[in-house]
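Structure record follows, encoded as structure tokens.
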Number of protein chains: 2
Amino acid sequence: MAQESPTFSPLYRQIKSLILQALESGEWRPGQVIPSEQELAARFSVSQGTVRKAIDEMAADNLLIRKQGKGTFVASHNDPRALFRFLRLVPMDGDLAPPQSVPMDCWRAKAGQEASRMLGIELGDPIIIVRRLLKFAAKPVVIDEIYLPGEVFPGLTLEVLQSWSGSLYSLFETRFGLRMIRAQERLRAVAADRSTSEALKVPEGTPLLSVERVTYTYGDRPVEWRRGLYSTAEHFYLNELN
Amino acid sequence: MAQESPTFSPLYRQIKSLILQALESGEWRPGQVIPSEQELAARFSVSQGTVRKAIDEMAADNLLIRKQGKGTFVASHNDPRALFRFLRLVPMDGDLAPPQSVPMDCWRAKAGQEASRMLGIELGDPIIIVRRLLKFAAKPVVIDEIYLPGEVFPGLTLEVLQSWSGSLYSLFETRFGLRMIRAQERLRAVAADRSTSEALKVPEGTPLLSVERVTYTYGDRPVEWRRGLYSTAEHFYLNELN
DNA sequence: TAGTGGTCTAGACCACCCC
DNA sequence: GGGTGGTCTAGACCACTAC
């Protein structure tokens, strides 16, 4: 008889969003354990099974990582397994060695039409632009141009980038407390222009894979827009379809 | 004290593989309902919760589709929602209308080096090669060359292809009882050769997206290898990274 | 009203990890 | 031995669909 709420949400989803809030607020940091399922069940006054289902979904979303016998951990880009989560480039023959990131340039600018739309900020807001090279086995394969909202990355300079040995997202997470959750990539084929061809050491006009990526943090907030040009002479972009 | 089995498999996974077997054997066909969770629980002598967990995983794998109040159904490529499961091409501005498939050629041949390796068959085994165009809004965007193991597709001819109005995989499923489960794509950028440029109506040398796909049916058995050349002037390949 | 999947609970036991 | 996540069960109730 009672009016059902038109936006009915099961208990475990409410628990999920409470845990999400705690993550967002930094109550538990990347790499750390979160409380056990029993503790969370007590804290939220629900059964362990309900907490379990919430955590199940978050583990499927790559937000948490379960380890039997040890506990549940906040996912981190410092984890070496996270390195290839957003990088789908694979050498055509052989081994999947981690690439070397070579920051080449880093400067400040004002957001133009496209950057403001992609990053969800106002026209003219401060942004940071990074140019960097990705090398596989000492050979240049990708040139990236990365656009970041200036307010989110205070104090980001070329020096900071160059002195960091891990991945870019690992730097963002450690230094700016910003965790990348998901991304969307748009791929096209383009011809190498002069400066790109020099950077990647390919003839001008060579077909390259253009990969535009928008990356989101908690709450589906876009915090990075980048365009990469991939030389696919000895590598390909691998995609699993399920 | 007892020796633990080194290949321990929980009950719900055993149930899962039993249900998988039933699917493979054709006991329930694509689009049909499978028995209710209660019935399956009785059949396998386990609790409903265990069956439920097995079905949960299979739904996540896109093998089954749950519909509250109605039942659980075998996933089918005849379902219009399945159309874009393997096709990641999206128009740059606007609407996602279903493309039109235009089969151009279909002939028999013997498997060469590459085809035999990709399809897991012997060198010289009979294969079928299909060439077809994909049109979006009446404009040619993709040219596909598709390699199929001959034994799996008896009686496949250009006529059969041309008289079928649905998707290719929907034809395979309906006519040959073959369900495509997952696929792996390798993307590169290449330059359009003469014949491709004519088919896609682009200048020779235009950068194109080369998409090589291997598609698998039950039991991870490869049953299709195709190479598509995508014109990315007005479309892009969209990929979600989670 | 009856049947389906979806949620929630409580409790028992198993597998794994660390002390 | 004691803690963690992982499995399995049984039962109650809710939400949705069909008739």
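Quantities reported herein were computed from a predicted structural model and do not represent experimental measurements. Just so we're on the same page: letters track the sequence lines, and every chain starts at 1.
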*Separation of C/dT4 C1' from B/I65 CD1 (nearest whole Å)*: 16 Å
*Quick one: ring pair (Phe, Tyr, Trp, His ring centres under 6.0 Å) pairs with a partner in residues 50-74 of chain A, sequence neighbours left out?*
none
_Base contacts versus sugar-phosphate-only contacts with protein, heavy atoms under 4.0 Å: please encode nucleotides 6-12 of chain D as B, S and - from 5' to 3'._
BBSBS--
_Checking side-chain polar atoms at under 3.5 Å, does A/Y237 have a donor or acceptor matched by the opposite partner on A/E185?_
yes
_Going by the rule side chain to side chain donor-acceptor pair (under 3.5 Å), which residues pair with A/R132 if we only count those two or more places apart in sequence or in a different chain?_
A/S101, A/D144
*Which value, rounded to the nearest 0.5 Å, describes the distance between B/E57 atom CD and B/I15 atom CD1?*
12.5 Å
*Would the A/F236 and A/Y230 ring centres measure less than 6.0 Å apart?*
no
_Go nucleotide by nucleotide along DNA chain C from the 5' end; which of A/K70 and B/G71 gets its closest nucleotide reached first?_
B/G71
*Let me know the distance between CD of A/Q32 and P of D/dT4, rounded to the nearest Å.*
16 Å
